[in-house]
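Working notes for the structure below.
Just so you know, these numbers come straight off a predicted model, no measurement behind them.
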Amino acid sequence: MKFLIVTHATHILANDQVYSYAPYVREMNLWNANVDEVSIVAPTELRSISKIDLAYDKKVHIKKIPQIAFINFSYALKSLLRLPLIFWILFKEMRKADHIHLRCPGTIGLVGCIMQIVFPKKKKTAKYAGNWDPKASQPLSYKMQKWILSNTFLTKNMQVLVYGEWADQSKNIKPFFTASYWDKEKSVLQSKSFSAPYNFLFVGSLVEGKRPLYTIQLVEKLIKNGVPASLDIYGDGVLRQELTAYVDNHDLKQVVSFKGNQPSTEIKKAYKEAHFLVLASNSEGWPKVLAEAMFWGVIPVSTKVSCVPWMLDYGSRGVLLSLNLEEDKTNIVKSLGAAQLLLAKSEAAMQWSRNYTLDSFDTEITKLL
(Lines give C-alpha, C1' and ligand atoms only; values in the text may rest on other atoms or scores of the structure.)
Protein backbone atom coordinates (compact mmCIF):
# COMPACT_ATOMS: atom_id res chain seq x y z
CA MET A 1 0.00 0.00 0.00
CA LYS A 2 1.22 3.49 -0.92
CA PHE A 3 0.39 5.70 2.06
CA LEU A 4 0.36 9.50 1.76
CA ILE A 5 0.51 11.85 4.77
CA VAL A 6 -0.47 15.49 4.31
CA THR A 7 0.57 17.64 7.26
CA HIS A 8 1.52 21.16 8.32
CA ALA A 9 4.12 19.76 10.77
CA THR A 10 7.55 20.99 9.70
CA HIS A 11 10.17 18.34 8.94
CA ILE A 12 13.96 18.36 9.14
CA LEU A 13 16.24 16.36 6.84
CA ALA A 14 19.45 15.34 8.62
CA ASN A 15 21.77 12.34 8.82
CA ASP A 16 19.93 10.70 5.89
CA GLN A 17 16.76 10.65 8.01
CA VAL A 18 13.56 12.65 8.28
CA TYR A 19 12.70 14.20 11.66
CA SER A 20 9.69 16.03 13.06
CA TYR A 21 7.90 16.75 16.35
CA ALA A 22 8.37 13.61 18.46
CA PRO A 23 4.76 12.94 19.67
CA TYR A 24 3.48 13.24 16.07
CA VAL A 25 6.25 10.98 14.70
CA ARG A 26 5.63 8.32 17.37
CA GLU A 27 2.01 8.14 16.29
CA MET A 28 2.81 8.09 12.58
CA ASN A 29 5.33 5.30 13.11
CA LEU A 30 2.39 3.10 14.13
CA TRP A 31 0.47 4.00 10.97
CA ASN A 32 3.54 3.54 8.77
CA ALA A 33 4.26 0.07 10.17
CA ASN A 34 1.07 -1.18 8.46
CA VAL A 35 1.91 0.03 4.94
CA ASP A 36 4.51 -0.66 2.25
CA GLU A 37 5.52 2.82 1.13
CA VAL A 38 5.19 6.20 2.83
CA SER A 39 5.19 9.64 1.22
CA ILE A 40 4.79 12.89 3.15
CA VAL A 41 3.75 16.28 1.82
CA ALA A 42 4.94 18.82 4.38
CA PRO A 43 7.02 21.98 4.86
CA THR A 44 10.70 21.54 5.75
CA GLU A 45 13.13 23.73 7.65
CA LEU A 46 16.87 24.02 8.11
CA ARG A 47 17.84 23.75 11.77
CA SER A 48 19.61 21.40 14.15
CA ILE A 49 17.79 18.48 15.76
CA SER A 50 16.35 19.28 19.20
CA LYS A 51 15.31 17.14 22.17
CA ILE A 52 11.69 17.12 21.02
CA ASP A 53 12.44 15.88 17.47
CA LEU A 54 12.33 12.24 16.43
CA ALA A 55 13.17 10.35 13.23
CA TYR A 56 10.67 8.11 11.46
CA ASP A 57 11.27 4.39 11.95
CA LYS A 58 10.52 3.64 8.32
CA LYS A 59 12.10 5.20 5.26
CA VAL A 60 9.81 7.97 4.06
CA HIS A 61 9.75 10.03 0.88
CA ILE A 62 9.36 13.71 1.72
CA LYS A 63 7.74 16.05 -0.81
CA LYS A 64 8.72 19.55 0.21
CA ILE A 65 6.20 22.37 0.08
CA PRO A 66 6.58 25.98 1.25
CA GLN A 67 5.10 27.20 4.51
CA ILE A 68 1.84 29.13 4.24
CA ALA A 69 -0.01 31.26 6.79
CA PHE A 70 -2.47 34.12 6.79
CA ILE A 71 -1.37 35.97 9.92
CA ASN A 72 -0.88 39.32 8.17
CA PHE A 73 -1.32 40.90 4.74
CA SER A 74 2.27 40.38 3.58
CA TYR A 75 2.38 36.70 4.59
CA ALA A 76 -1.10 36.10 3.19
CA LEU A 77 -0.04 37.50 -0.20
CA LYS A 78 3.04 35.24 -0.28
CA SER A 79 0.89 32.25 0.71
CA LEU A 80 -1.62 32.92 -2.08
CA LEU A 81 1.21 32.95 -4.61
CA ARG A 82 2.48 29.63 -3.21
CA LEU A 83 -0.90 27.87 -3.31
CA PRO A 84 -0.85 26.81 -7.00
CA LEU A 85 2.44 24.94 -6.46
CA ILE A 86 1.10 23.26 -3.29
CA PHE A 87 -2.13 22.21 -5.03
CA TRP A 88 -0.12 20.77 -7.93
CA ILE A 89 2.18 18.75 -5.64
CA LEU A 90 -0.82 17.47 -3.68
CA PHE A 91 -2.64 16.49 -6.85
CA LYS A 92 0.33 14.48 -8.12
CA GLU A 93 0.94 12.75 -4.78
CA MET A 94 -2.73 11.98 -4.11
CA ARG A 95 -3.09 10.50 -7.59
CA LYS A 96 -0.26 8.02 -6.84
CA ALA A 97 -1.46 7.08 -3.33
CA ASP A 98 -3.60 4.11 -2.30
CA HIS A 99 -4.53 5.73 1.02
CA ILE A 100 -4.60 9.47 1.78
CA HIS A 101 -4.16 10.56 5.40
CA LEU A 102 -4.79 14.20 6.34
CA ARG A 103 -3.54 15.82 9.55
CA CYS A 104 -5.89 18.58 10.62
CA PRO A 105 -6.48 21.33 11.60
CA GLY A 106 -3.87 23.47 9.88
CA THR A 107 -3.31 25.50 6.75
CA ILE A 108 -1.89 22.54 4.83
CA GLY A 109 -4.71 20.39 6.22
CA LEU A 110 -7.23 22.82 4.74
CA VAL A 111 -5.57 22.64 1.31
CA GLY A 112 -5.57 18.84 1.63
CA CYS A 113 -9.27 18.85 2.54
CA ILE A 114 -10.03 20.73 -0.66
CA MET A 115 -7.81 18.62 -2.92
CA GLN A 116 -9.09 15.26 -1.61
CA ILE A 117 -12.51 16.12 -3.08
CA VAL A 118 -11.00 15.39 -6.52
CA PHE A 119 -10.36 11.76 -5.47
CA PRO A 120 -13.72 10.38 -4.28
CA LYS A 121 -12.73 6.72 -4.83
CA LYS A 122 -9.46 6.82 -2.89
CA LYS A 123 -9.50 5.39 0.61
CA LYS A 124 -8.90 8.21 3.11
CA THR A 125 -8.57 9.05 6.78
CA ALA A 126 -8.26 12.39 8.53
CA LYS A 127 -6.99 12.90 12.07
CA TYR A 128 -8.56 16.08 13.45
CA ALA A 129 -6.30 16.77 16.42
CA GLY A 130 -8.08 19.95 17.49
CA ASN A 131 -11.30 20.70 19.32
CA TRP A 132 -14.24 19.16 17.43
CA ASP A 133 -16.85 20.73 19.72
CA PRO A 134 -19.41 22.27 17.30
CA LYS A 135 -20.03 25.12 19.77
CA ALA A 136 -16.37 26.09 20.14
CA SER A 137 -15.23 29.52 18.97
CA GLN A 138 -12.59 28.82 16.32
CA PRO A 139 -10.79 30.46 13.35
CA LEU A 140 -12.58 30.40 10.01
CA SER A 141 -10.03 27.98 8.51
CA TYR A 142 -10.78 25.45 11.27
CA LYS A 143 -14.52 25.76 10.67
CA MET A 144 -13.98 25.25 6.95
CA GLN A 145 -12.00 22.06 7.55
CA LYS A 146 -14.66 20.69 9.89
CA TRP A 147 -17.39 21.53 7.37
CA ILE A 148 -15.61 19.90 4.41
CA LEU A 149 -14.63 16.79 6.39
CA SER A 150 -18.15 16.20 7.72
CA ASN A 151 -19.84 16.92 4.38
CA THR A 152 -20.33 13.44 2.91
CA PHE A 153 -21.25 14.89 -0.50
CA LEU A 154 -17.82 16.52 -0.85
CA THR A 155 -15.82 14.08 1.26
CA LYS A 156 -16.27 10.47 0.21
CA ASN A 157 -14.66 7.22 1.36
CA MET A 158 -13.12 8.88 4.41
CA GLN A 159 -13.16 8.20 8.13
CA VAL A 160 -12.61 11.34 10.21
CA LEU A 161 -11.07 10.67 13.62
CA VAL A 162 -12.11 13.21 16.26
CA TYR A 163 -11.69 13.54 20.02
CA GLY A 164 -14.85 13.10 22.07
CA GLU A 165 -18.41 12.12 21.24
CA TRP A 166 -20.60 14.88 19.83
CA ALA A 167 -24.29 14.88 18.93
CA ASP A 168 -25.68 15.14 15.38
CA GLN A 169 -22.52 14.15 13.49
CA SER A 170 -22.32 12.77 9.95
CA LYS A 171 -21.74 9.03 9.52
CA ASN A 172 -18.03 9.42 8.64
CA ILE A 173 -17.13 11.02 11.99
CA LYS A 174 -15.47 8.49 14.32
CA PRO A 175 -14.73 9.22 18.01
CA PHE A 176 -11.08 8.39 18.60
CA PHE A 177 -8.23 8.80 21.08
CA THR A 178 -4.48 8.99 21.22
CA ALA A 179 -1.92 7.30 23.46
CA SER A 180 1.65 7.54 24.72
CA TYR A 181 2.41 4.32 26.59
CA TRP A 182 2.32 0.57 25.93
CA ASP A 183 0.54 -2.04 28.04
CA LYS A 184 3.93 -3.31 29.22
CA GLU A 185 4.55 0.06 30.89
CA LYS A 186 1.67 -0.47 33.33
CA SER A 187 4.02 -1.01 36.21
CA VAL A 188 2.47 -1.43 39.64
CA LEU A 189 2.79 1.98 41.25
CA GLN A 190 2.84 2.70 44.92
CA SER A 191 -0.07 5.02 45.71
CA LYS A 192 0.98 8.65 45.83
CA SER A 193 1.15 10.27 49.23
CA PHE A 194 -0.98 13.39 48.97
CA SER A 195 0.71 15.36 51.70
CA ALA A 196 2.77 18.54 51.72
CA PRO A 197 4.90 19.71 50.02
CA TYR A 198 2.82 19.41 46.84
CA ASN A 199 4.52 19.19 43.45
CA PHE A 200 2.70 20.80 40.51
CA LEU A 201 3.67 20.37 36.85
CA PHE A 202 3.20 22.30 33.65
CA VAL A 203 4.10 20.40 30.47
CA GLY A 204 3.77 22.07 27.09
CA SER A 205 4.71 25.01 24.91
CA LEU A 206 5.18 28.36 26.62
CA VAL A 207 2.67 30.17 24.43
CA GLU A 208 -0.43 32.29 25.08
CA GLY A 209 -2.86 29.50 24.23
CA LYS A 210 -1.52 27.24 26.99
CA ARG A 211 -1.75 30.02 29.63
CA PRO A 212 1.45 29.08 31.51
CA LEU A 213 1.30 32.38 33.43
CA TYR A 214 -2.05 31.39 34.91
CA THR A 215 -0.47 28.15 36.16
CA ILE A 216 2.34 30.12 37.84
CA GLN A 217 -0.13 32.57 39.38
CA LEU A 218 -2.32 29.73 40.66
CA VAL A 219 0.60 28.06 42.44
CA GLU A 220 1.67 31.49 43.74
CA LYS A 221 -1.84 31.97 45.20
CA LEU A 222 -1.64 28.58 46.90
CA ILE A 223 1.73 29.39 48.44
CA LYS A 224 0.46 32.74 49.73
CA ASN A 225 -2.44 30.83 51.24
CA GLY A 226 0.04 28.77 53.26
CA VAL A 227 0.19 25.69 51.01
CA PRO A 228 3.73 24.27 50.70
CA ALA A 229 4.01 23.82 46.92
CA SER A 230 6.42 23.88 44.00
CA LEU A 231 5.99 24.08 40.24
CA ASP A 232 8.18 22.45 37.58
CA ILE A 233 7.69 23.81 34.06
CA TYR A 234 8.65 21.52 31.16
CA GLY A 235 8.68 23.06 27.70
CA ASP A 236 9.83 26.18 25.93
CA GLY A 237 8.40 28.95 23.78
CA VAL A 238 8.07 32.64 23.08
CA LEU A 239 6.85 33.43 26.61
CA ARG A 240 9.90 31.98 28.36
CA GLN A 241 11.57 35.35 29.00
CA GLU A 242 8.35 36.99 30.17
CA LEU A 243 7.57 34.11 32.54
CA THR A 244 11.10 34.07 33.92
CA ALA A 245 10.83 37.80 34.61
CA TYR A 246 7.53 37.27 36.44
CA VAL A 247 9.06 34.56 38.62
CA ASP A 248 12.07 36.78 39.40
CA ASN A 249 9.94 39.85 40.18
CA HIS A 250 7.60 37.93 42.49
CA ASP A 251 10.32 36.10 44.48
CA LEU A 252 9.26 32.68 43.19
CA LYS A 253 12.66 31.36 42.07
CA GLN A 254 12.82 28.96 45.02
CA VAL A 255 9.51 27.29 44.12
CA VAL A 256 9.17 27.64 40.32
CA SER A 257 11.69 25.80 38.15
CA PHE A 258 12.03 26.02 34.35
CA LYS A 259 13.19 22.66 32.96
CA GLY A 260 13.01 23.49 29.23
CA ASN A 261 12.34 20.88 26.54
CA GLN A 262 13.12 17.38 27.75
CA PRO A 263 12.86 13.88 26.22
CA SER A 264 9.88 11.70 27.09
CA THR A 265 11.96 9.66 29.57
CA GLU A 266 12.53 12.75 31.71
CA ILE A 267 8.88 13.79 31.48
CA LYS A 268 7.85 10.30 32.61
CA LYS A 269 10.08 10.64 35.70
CA ALA A 270 8.43 13.97 36.49
CA TYR A 271 4.95 12.45 36.22
CA LYS A 272 5.87 9.66 38.64
CA GLU A 273 6.94 12.19 41.28
CA ALA A 274 4.26 14.87 40.80
CA HIS A 275 0.91 15.33 42.56
CA PHE A 276 -0.87 17.64 40.10
CA LEU A 277 -0.58 18.71 36.46
CA VAL A 278 -2.12 22.06 35.53
CA LEU A 279 -3.36 22.76 32.00
CA ALA A 280 -5.16 26.10 31.80
CA SER A 281 -5.26 25.94 27.99
CA ASN A 282 -7.89 27.81 25.99
CA SER A 283 -8.03 25.20 23.22
CA GLU A 284 -7.26 21.49 23.02
CA GLY A 285 -8.21 18.39 21.12
CA TRP A 286 -7.20 15.38 23.20
CA PRO A 287 -4.64 16.91 25.58
CA LYS A 288 -1.95 14.25 25.64
CA VAL A 289 -0.22 15.68 28.68
CA LEU A 290 -3.37 15.15 30.75
CA ALA A 291 -3.74 11.52 29.68
CA GLU A 292 -0.02 10.92 30.21
CA ALA A 293 -0.06 12.43 33.70
CA MET A 294 -3.18 10.48 34.63
CA PHE A 295 -1.45 7.25 33.50
CA TRP A 296 0.98 7.77 36.41
CA GLY A 297 -1.64 8.79 38.96
CA VAL A 298 -1.13 12.55 38.66
CA ILE A 299 -4.34 14.51 39.31
CA PRO A 300 -5.18 16.69 36.29
CA VAL A 301 -6.23 20.30 36.88
CA SER A 302 -7.63 21.67 33.63
CA THR A 303 -9.95 24.05 31.86
CA LYS A 304 -13.27 22.76 30.51
CA VAL A 305 -12.24 22.65 26.83
CA SER A 306 -13.05 20.06 24.17
CA CYS A 307 -13.45 16.57 25.67
CA VAL A 308 -11.59 17.42 28.91
CA PRO A 309 -14.71 17.37 31.16
CA TRP A 310 -15.43 13.84 29.89
CA MET A 311 -11.78 12.79 30.42
CA LEU A 312 -11.95 14.03 34.01
CA ASP A 313 -15.44 12.52 34.50
CA TYR A 314 -16.69 16.03 35.28
CA GLY A 315 -14.44 16.29 38.33
CA SER A 316 -14.30 12.79 39.81
CA ARG A 317 -10.91 12.14 38.12
CA GLY A 318 -9.50 15.63 38.50
CA VAL A 319 -10.18 19.31 39.06
CA LEU A 320 -11.90 21.55 36.51
CA LEU A 321 -10.75 25.17 36.43
CA SER A 322 -13.03 28.19 36.24
CA LEU A 323 -10.12 30.51 35.29
CA ASN A 324 -10.93 32.70 38.27
CA LEU A 325 -7.75 32.63 40.36
CA GLU A 326 -9.45 33.11 43.72
CA GLU A 327 -12.13 30.52 43.01
CA ASP A 328 -9.68 27.96 41.62
CA LYS A 329 -7.30 28.48 44.54
CA THR A 330 -10.15 27.95 47.03
CA ASN A 331 -11.28 24.73 45.30
CA ILE A 332 -7.78 23.27 45.33
CA VAL A 333 -7.21 24.22 48.99
CA LYS A 334 -10.47 22.43 49.88
CA SER A 335 -9.30 19.35 47.96
CA LEU A 336 -5.97 19.32 49.77
CA GLY A 337 -7.84 18.96 53.03
CA ALA A 338 -9.22 15.57 51.94
CA ALA A 339 -6.24 13.28 51.30
CA GLN A 340 -8.40 10.17 50.82
CA LEU A 341 -10.50 11.93 48.19
CA LEU A 342 -7.33 12.99 46.38
CA LEU A 343 -6.06 9.42 46.46
CA ALA A 344 -9.37 8.22 45.00
CA LYS A 345 -9.13 10.82 42.20
CA SER A 346 -5.54 9.76 41.50
CA GLU A 347 -6.40 6.07 41.24
CA ALA A 348 -9.51 6.77 39.14
CA ALA A 349 -7.42 8.91 36.78
CA MET A 350 -4.82 6.17 36.44
CA GLN A 351 -7.38 3.41 35.81
CA TRP A 352 -9.13 5.48 33.13
CA SER A 353 -5.96 6.52 31.29
CA ARG A 354 -4.60 2.97 31.21
CA ASN A 355 -7.51 1.94 28.98
CA TYR A 356 -5.95 4.02 26.19
CA THR A 357 -2.58 2.45 25.43
CA LEU A 358 -0.52 2.30 22.26
CA ASP A 359 -1.49 -1.38 21.98
CA SER A 360 -5.18 -0.54 21.61
CA PHE A 361 -4.29 2.46 19.43
CA ASP A 362 -2.27 0.21 17.11
CA THR A 363 -5.18 -2.23 16.89
CA GLU A 364 -7.59 0.53 15.88
CA ILE A 365 -5.17 1.90 13.26
CA THR A 366 -4.83 -1.54 11.72
CA LYS A 367 -8.61 -1.68 11.36
CA LEU A 368 -8.67 1.74 9.68
CA LEU A 369 -6.03 0.73 7.13
Test: [X] and [Y] ion pair at under 4.0 Å:
{"X": "Lys51", "Y": "Glu266", "value": "no"}
{"X": "Lys210", "Y": "Glu284", "value": "yes"}
{"X": "Asp53", "Y": "Arg47", "value": "yes"}

Note, [X] side chain near [Y] side chain (heavy atom, < 4.5 Å):
{"X": "Tyr214", "Y": "Val278", "answer": "no"}
{"X": "Asn34", "Y": "Asp362", "answer": "yes"}
{"X": "Ser306", "Y": "Trp132", "answer": "no"}
{"X": "Ile5", "Y": "Tyr24", "answer": "yes"}
{"X": "Lys304", "Y": "Val308", "answer": "no"}
{"X": "Tyr271", "Y": "Val289", "answer": "yes"}
{"X": "Trp166", "Y": "Asp168", "answer": "no"}
{"X": "Pro212", "Y": "Ile233", "answer": "no"}

Given Lys268, Arg354, Lys272, the one that forms salt bridge (charged side-chain N to carboxylate O under 4.0 Å, His left out) with Glu185: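 So, applying the salt bridge (charged side-chain N to carboxylate O under 4.0 Å, His left out) to Glu185 and each of Lys268, Arg354, Lys272, only Lys268 qualifies.
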Derivation and outcome, side-chain hydrogen bond (donor to acceptor under 3.5 Å, both in side chains), residues Gln145 and Tyr128: CA-CA 9 Å; Gln145 287 168 77; Tyr128 192 91; 6.0 Å; no
Parallel, tilted or perpendicular: which describes the rings of [X] and [Y], with under 30° parallel and over 60° perpendicular?
{"X": "Trp296", "Y": "Tyr181", "result": "perpendicular"}
{"X": "His275", "Y": "Tyr198", "result": "perpendicular"}
{"X": "Tyr356", "Y": "Trp286", "result": "perpendicular"}

Show the atom names and distances, to 0.1 Å, of all donor-acceptor pairs under 3.5 Å that link a side chain in residues 240-247 to residues at least two apart or in another chain.
unit_1	atom_1	unit_2	atom_2	d
Thr244	OG1	Arg240	O	2.8
Tyr246	OH	Glu220	OE1	2.6

Close aromatic pair by centroid cut-off 6.0 Å: Phe91 and Phe119: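 Under 6.0 Å, so yes.
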Stepwise side-chain hydrogen bond (donor to acceptor under 3.5 Å, both in side chains) test for Lys124 and Gln116: CA-CA 8 Å; Lys124 292 168 277 188; Gln116 62 83 26; 2.8 Å; yes
Contact summary for [X] and [Y], nearest pair of heavy atoms:
{"X": "Lys64", "Y": "Leu13", "value": "CE-CD2, 4.1 Å"}
{"X": "Ser170", "Y": "Ser150", "value": "OG-O, 2.9 Å"}
{"X": "Cys104", "Y": "Leu149", "value": "SG-CD1, 4.3 Å"}
{"X": "Lys192", "Y": "Val298", "value": "CE-N, 3.8 Å"}
{"X": "Cys307", "Y": "Gly285", "value": "SG-O, 3.5 Å"}
{"X": "Ser191", "Y": "Leu343", "value": "CB-CD1, 3.7 Å"}

Give, for atom [atom1] of [X] and atom [atom2] of [Y], the distance between the pair rounded to the nearest 0.5 Å.
{"X": "Ile117", "Y": "Asn151", "atom1": "CD1", "atom2": "CG", "result": "8.0 Å"}
{"X": "Asp236", "Y": "Gln262", "atom1": "CG", "atom2": "CD", "result": "10.0 Å"}
{"X": "Arg26", "Y": "Lys288", "atom1": "CZ", "atom2": "NZ", "result": "7.0 Å"}
{"X": "Ile114", "Y": "Leu83", "atom1": "CD1", "atom2": "CG", "result": "8.5 Å"}
{"X": "Asp183", "Y": "Asp359", "atom1": "CG", "atom2": "CG", "result": "3.5 Å"}
{"X": "Ser141", "Y": "Lys146", "atom1": "OG", "atom2": "NZ", "result": "11.0 Å"}

Chi angles and distances behind the side chain to side chain contact (heavy atoms under 4.5 Å, CB included) call for Trp31, Val38: CA-CA 10 Å; Trp31 289 83; Val38 181; over 6 Å; no
Stepwise side chain to side chain contact (heavy atoms under 4.5 Å, CB included) check, Val18 with Val25: CA-CA 10 Å; Val18 180; Val25 173; over 6 Å; no
Val207/Val238 under side chain to side chain contact (heavy atoms under 4.5 Å, CB included): CA gap, chis, key distance, verdict: CA-CA 6 Å; Val207 295; Val238 294; 4.3 Å; yes
Leu341: hydrophobic cluster co-members (side-chain, 4.5 Å):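 Traced through the cluster, Leu341 reaches no other member.
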Co-members of the apolar cluster containing Ile12 [side chain, <4.5 Å]: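 Same cluster as Ile12: Tyr19, Ile49.
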Audit row: Thr155, Asn172, side chain to side chain contact (heavy atoms under 4.5 Å, CB included) steps and yes/no: CA-CA 9 Å; Thr155 300; Asn172 66 333; 4.3 Å; yes
With His99 via ring-ring contact (aromatic ring centres under 6.0 Å, His included) - residues at least two apart: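 With neighbours one apart ignored, the set is Phe3.
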Qualifying residue for side-chain contact (heavy atoms from CB on, under 4.5 Å) with Phe176, from Val162, Leu161, Val160: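 Result for side-chain contact (heavy atoms from CB on, under 4.5 Å) with Phe176: Leu161.
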side-chain hydrogen bond (donor to acceptor under 3.5 Å, both in side chains) partners of Glu93, counting only residues at least two apart: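 Glu93 satisfies side-chain hydrogen bond (donor to acceptor under 3.5 Å, both in side chains) with Lys96 once adjacent residues are dropped.
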Residues His11, Thr44; criterion side-chain hydrogen bond (donor to acceptor under 3.5 Å, both in side chains); working and verdict: CA-CA 5 Å; His11 286 60; Thr44 60; over 6 Å; no
Going by atom type alone, with no hydrogens or angles, which donor-acceptor pairs under 3.5 Å involve a side-chain atom of residues 316-324 and a protein atom two or more places apart or on another chain?
unit_1	atom_1	unit_2	atom_2	d
Ser316	OG	Asp313	O	3.4
Ser316	OG	Asp313	OD2	2.5
Arg317	NE	Met311	O	2.8
Arg317	NH2	Trp310	O	3.0
Arg317	NH2	Met311	O	3.2
Ser322	OG	Asn324	N	3.2
Ser322	OG	Asp328	OD1	3.0
Asn324	OD1	Glu326	N	3.2
Asn324	OD1	Glu327	N	2.9

